[in-house]
Amino acid sequence: PEVLILDEPTSQLDPMVSEVLLKIIKKINDDFGTTIIICDYRIEEIFDYCDKYGFLNNGKIEFYGTTEELLKFVYKSNSELKFYLPVPTRIFYEGELDRFHKFDRIVSVRDCRNLIENTFKNNSSEIKTNNKIDSGDYIIKAKNIWFRYKRNEKDIVKDLSINIPRKKITAIVGGNGSGKTTFLKLLTGILTQYSGKINLDKISLNNRFSDILLLPQNPKNVLSKNSVLEELAEMFSEGQTINDSEIKKIVSCCRLDNLI
């Protein structure tokens with residue numbers, strides 16, 4: 001797919017498997033240029049993998065920017081968003097340890113952890129960072145989106161505007177009930193906003209469900225059959241002859257032989 005959307009992808013995984021999954025996601029982004037959108041309320045695990053962050057609060061985007069912009073915004077405005085940041089990052093900035101070092105920003109959790117250790121060892125060090133500039137190349141543009149599930153109910157998404165850069169990893173972070181999953185369903189077309197517009201660059205509406213892939217929080221939601229073989233057969237269009245050789249290729253490629 002052109003776009004891969006992940007709804008709390010590590011919520012039901014142990015830490016070791018979570019790390020493996022995130023590395024795979026990063027590799028997909030690096031190797032294939034797939035645009036990735038991750039929705040989660042925890043930022044600790046994904047902080048080192050994302051290029052941009054959007055914070056969703058009460059159905060609205062409270063902040064949207066790069067890692068550098070996020071840190072500047074949080075600590076210049078003393079925003080409550082700091083509580084979403086990884087612990088080493090918070091310790092570094094809230095302890096004002098940055099005054100011991102000559103650089104403008106901290107990017108990774110590992111960087112913060114290492115610099116904290118170096119500070120207390122009286123060894124000042126500099127960090128090399130890869131300054132990524134937003135090229136303005138967006139694969140998805142959402143403008144002034146409003147959505148409610150029922151006419152007489154309150155709005156879940158409220159005047160939401162956001163641009164998703166192509167071939168980057170973007171995190172949408174927010175607490176439970178902030179509208180993250182609803183927003184993802186709007187992007188994929190599962191739900192339709194009653195106001196506002198979502199533009200998909202170089203993705204036709206006819207190909208929306210093949211070019212934008214949504215992996216829900218609970219993977220069981222995408223399984224509808226009783227066996228792996230039946231799930232694979234469902235990949236073929238209705239009325240299309242099921243090709244055993246094609247299924248065997250898929251089974252071999254995905255290493256599912258022991259499950260058939």
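Hydrogens, waters and symmetry mates are skipped; everything else that's a heavy atom, side chains included, is used.
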Ile164 vs Tyr64, side-chain contact (heavy atoms from CB on, under 4.5 Å): CA-CA, chis, key distance, verdict: CA-CA 10 Å; Ile164 304 297; Tyr64 184 57; 4.1 Å; yes

Donor-acceptor contact below 3.5 Å, side chain Ser161 vs main chain Asn144: yes

Test item: Asp51 and Pro165 side chains (from C-beta on) under 4.5 Å apart, heavy atoms: no

Nearest-0.5 Å distance that lies between atom CG in Leu256 and atom CD1 in Ile250: 9.5 Å

Min side-chain heavy-atom separation Asn57-Ser178 under 4.5 Å: no

Spacing of Lys154 atom NZ and Ile156 atom CD1 [to the nearest 0.5 Å]: 6.0 Å

Donor-acceptor contact present, side-chain Asp159 to main-chain Ile145, <3.5 Å: no

4.5 Å side-chain heavy-atom contact, Ile212 and Leu187: no

Polar side-chain atom of Ser252 near backbone of Lys249 as donor-acceptor pair, under 3.5 Å: no

side-chain hydrogen bond (donor to acceptor under 3.5 Å, both in side chains), paired with Arg166, selected from Thr34, Asp201, Thr35: Asp201

Of Thr182, Val157, Ile198, the residue whose pairing with Gln193 passes side chain to side chain contact (heavy atoms under 4.5 Å, CB included): Ile198

Within one Ile-Leu-Val-Met-Phe-Trp-Tyr cluster: Tyr41 and Leu13, side-chain cutoff 4.5 Å: no

Asp40 vs Pro9 side-chain heavy atoms within contact, under 4.5 Å: yes

Side chain to side chain, Ile46 and Ile25, heavy atoms closer than 4.5 Å: no

Tyr194 atom OH, neighbour heavy-atom count above 12 within 6.0 Å: yes

Close side-chain approach of Tyr49 and Lys23, heavy atoms under 4.5 Å: yes

Within 6.0 Å of NZ in Lys60, more than 12 heavy atoms from elsewhere: no

Residue among Leu4, Ile140, Leu6, Ile169 satisfying side chain to side chain contact (heavy atoms under 4.5 Å, CB included) with Ile37: Ile140

Value rounded to 0.5 Å, distance of CG in Asn163 from NZ in Lys141: 6.0 Å

Single-linkage hydrophobic cluster, 4.5 Å side-chain cutoff, Leu191 and Leu200 together: yes

Distance, nearest 0.5 Å, that separates NZ of Lys168 from CD1 of Ile36: 12.0 Å

Test side chain to side chain contact (heavy atoms under 4.5 Å, CB included) applied to Val173 and Phe55, Phe63, Phe47, the passing residue: Phe55

